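Okay, structure first, notes after.
The figures here come from the full heavy-atom set of this structure, side chains too, leaving out hydrogens, waters and symmetry mates. Note on naming: letters A, B, ... go to the chains in the order of the sequence lines (proteins, then strands), and numbering restarts at 1 for each one. Just so we're clear, the structure is a prediction, and the values are computed from it rather than from any experiment.
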Amino acid sequence: MLLRPRLEDHLVIGKYTGKIIIGVGLLMVVPLLTSVVLAEWDTVLDFVISVAACLIFGFSTQLLCRTERDLSWSHGMVVASGSWIVATVLGALPHWLSGHAGSYLDAMFDVMSGYTTTGLYLLQDLDHISHGLNMWRHLLTYAGGQGIVVVALTFLFKGAAGAYTAYVGEGKDERLLPNVIQTARAIWFVSLTWLAVGTAALAVTGMVLGQEPLRAVLHGLWVFMGAWSTGGFAPQSYNTLYYHSLGYELVTIVIMIAGSFNFALHWAVWTGNRKELLKNVETISFAVTLSFTVLIATFALAKAGVYPDAMALFRKVFYQLVSGHTTTGFSSIYVRAFVTQWGPIGLMATTMAMAIGASACSTGGGIKGIRMGVISKALLQDIRRAISPERAVITAKIHHIKDVALGDGVVRSAMLITIAYLSLYGLTAIVGTLHGYDFLQSAFEGVSAASNTGLSCGVTSPSMPSVMKVLYILAMWLGRLEFMSVFALGGHLLSMVRGRG
Amino acid sequence: MTSRSARVACALAALWLLALTAGCRAEGTPEPSPNDPSSVMLIEQPKKHDGTDVKFIGEVIGEVMRRGDMAWLHINDDPYYLMNVEEGAQLGGYNSGMAVWLDAELTQKIAYYGDYKHEGDVVEVAGVFNAACAEHGGDMDIHAKSLEMVRVGHVVVDPVHPWKIAWAIGLSLITAGVGALTRLSRDRPIDARR
């Protein structure tokens, strides 16, 4: 039986959603200052308007939704999923005001793509946008990678025990430290350290490649944010092809892979447990599935004779596949080259890599390496069971930070989420095909959106039907939050209509 | 919430969604590419054009990246190659262009590179198109032998819209007001307010 939410429920949800939106408003101060420093006055006004809109919303909720009640499990889930929607609506203001978005829906598409670290975009004339807006695009993806709830947890929540539910609702469930707020801060500590080192490495590489110091630093910062958050936004429309450099590609590969790893794994390595890198089920799963998809694409492209030599072939295949598998979306080939040069097998291999995706509790998306590991182990366990004597007790375990016994509950949960992802991939592919796009290309693009990758083969464009834009926004949102908190929000809305008082 | 008010809420949500898409900025006839084959054609039919001599006109964007005696340029032949969105060009889709590898000396003629504050020089390069360049790790590019200036670029004035100033002031005042009220209400016990 559904119970209609009481006023107190709305108040607690409103209060915490408002806090998160205040966090989004404060985040906008960074691009605002960027534009002030670089004298981009029209963009400055865009951000003043947007910051004000976020703060008005946030302060109003603090005023209207006063309560001392803490978040319950369902509240946390609703806050996590609902705040992403409100943050998308308000976060789209700078895009819309810039004049580079075809409609407000396009602006929201880009912002949801940023928060969810997808990387698909509909902004037009990207090569002429302001530094402030470029900073916002990349900051969105960097903050979204850690999770905007994590942002708020770190800076705005003070000791709320129920905050853990909002954190889990955002698709993260690892407690690196006993306290969830300490965990959020630990995630930021890891991310900011990588930010300093990664930006410096890319900026120096950029200068060596012939960029002026300011551009090299800004590009280094933005490309780092795109890589670490597995977002895939880049400051130029050419994406990472712009740099024409093996060195730049290597640095971004290291950052993409690091960004796609579980924060718990980062924390284990950080605290001295380096062997975890080699034993963890997710790193093993990643190595196996990446090798498999690289082999398929390499074989197909070698047979088609697309690239002039083995080095060029490996460089292109490895880069696009690492980018796809880590769900980053950086590309060192032209978007349409996936169709005109890579062909059906190349498209399929990349789609597989994107569908599997990165590690759980990372900045990445997709089904996740841990679920692939669990399902593979369960399959092997069942095969062993089938060929063993009836009385034999067959057990299996996976290693993720510690050894975990593979019980039915773990397998069931992994299968459920995997089926949800596969259904979403299927739905986006079918809707694309119904709108007249080639099935393989629709599947590629749909998987890219739902797994939060951002590689495109040309289906995503400002002229794409609005239905597909809305579907991709929903797919990015569902994929990033791993369904449960979105279902909780749906349940909350349903209980408002159908629930008993 | 009654089922009637739920229906009203659903209708409002649908209207809102419609408004989001209806708020499209007018897309007129975008500036066509001056090239045949254009960058779009080169990317769509790489095999057909591989190894052929091409002439390519477009706006130089970003920067020149020198690599010893040679350099990389990026030349866009998209709807914004004569006028960009900041100057008032109508939206015409994504940027599109080609990477060009050429003698660094040739790039000395270039005065403006396209970005937020500049409309870049429009140049014409002539050279060989490579669908997957052996010299550059399989990149799709043009190896240019010549570069001619077609039109010198210019600084783009960043116009501040008066309506944005009004909105910025208005919303900032409201923010200050709501912020002050929030601060005041924080000191009052919750029960006393209800």
Side-chain angles (χ1 to χ4, degrees), chain A residues 40-42 45-46 48-49 52-53 55-56 59-60 62-63 66-68 97 99-100 102-105 108 124-131 209-212 215 236-238 241-244 246 306-309 311-313 315-316 332-334 336-337 340-341 461-463 466 470 496-497, chain B residues 1 3 6 17 20-25 27 43-46 61-67 71-72 74 76 80 84-86 89 91-97 99 114-116 131-134 136-140 158-161 164-165 167-168 171-172 174-175 178-179 181-182 185 190 193:
Chain A
E40 299 168 345
W41 302 117
D42 198 52
L45 289 177
D46 295 349
V48 169
I49 292 170
L55 294 184
I56 289 170
F59 289 154
S60 301
Q62 304 312 295
L63 201 61
R66 294 192 68 215
T67 176
E68 283 175 355
L97 292 169
H100 287 259
S103 68
Y104 204 82
L105 183 67
M108 282 173 55
Q124 298 173 58
D125 197 12
L126 183 70
D127 291 331
H128 289 107
I129 68 169
S130 63
H131 289 91
L209 295 178
Q211 289 193 296
E212 286 175 9
R215 276 183 71 85
Q236 301 284 160
S237 64
Y238 292 78
L241 172 63
Y242 183 78
Y243 305 98
H244 305 281
L246 179 62
V306 172
Y307 293 109
D309 54 58
M311 180 60 193
L313 172 67
R315 181 174 159 186
K316 289 294 178 197
S332 63
I333 58 174
Y334 286 94
R336 287 291 295 166
T340 61
Q341 290 187 301
S461 80
S463 58
S466 296
V470 173
M496 283 167 67
V497 180
Chain B
M1 190 185 272
S3 58
L17 263 178
L20 288 180
T21 52
C24 290
R25 294 189 160 103
E27 286 187 31
I43 296 164
E44 284 296 325
Q45 297 171 306
I61 57 108
E63 66 224 309
V64 57
M65 285 193 274
R66 289 169 194 275
R67 311 277 164 92
W72 280 109
H74 294 89
N76 285 2
Y80 317 104
N84 66 57
V85 168
E86 297 305 326
L91 295 176
Y94 292 133
N95 295 113
S96 177
D115 59 20
Y116 176 65
C133 177
H136 295 115
D139 287 357
M140 191 180 283
D158 180 20
V160 174
H161 297 89
K164 284 188 185 176
I165 298 176
W167 272 93
L171 289 176
S172 299
I174 296 171
T175 307
V178 181
L181 278 174
T182 310
S185 73
I190 289 176
R193 193 178 61 94

Any side-chain donor near an acceptor of the partner, B:His74 and B:Glu63, under 3.5 Å: no
Between [X] and chain A, with a heavy-atom cut-off of 4.5 Å, which part of the residue counts as in contact: side chain, backbone, both or neither?
X: B:Arg67; value: side chain
X: B:Ala89; value: neither
X: B:Trp167; value: both

Can you see which heavy atom on B:Tyr80 is nearest to which on A:His128, and at what distance?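 So the two residues come closest at O-CE1, 4.3 Å.
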Against chain B, label [X] side chain, backbone, both or neither, depending on which of its atoms sit under 4.5 Å from a heavy atom there.
X: A:Glu40; answer: both
X: A:Asp125; answer: both
X: A:Ile129; answer: backbone
X: A:Thr340; answer: both

For chain B, which of [options] has the most heavy-atom pairs under 4.5 Å?
options: A:Leu55, A:Leu313, A:Asp127, A:Ile49; answer: A:Asp127
options: A:Lys316, A:Gln62, A:His244; answer: A:His244
options: A:Gln341, A:Met311, A:Gln236; answer: A:Gln341
options: A:Trp41, A:Tyr307, A:Tyr238; answer: A:Tyr238

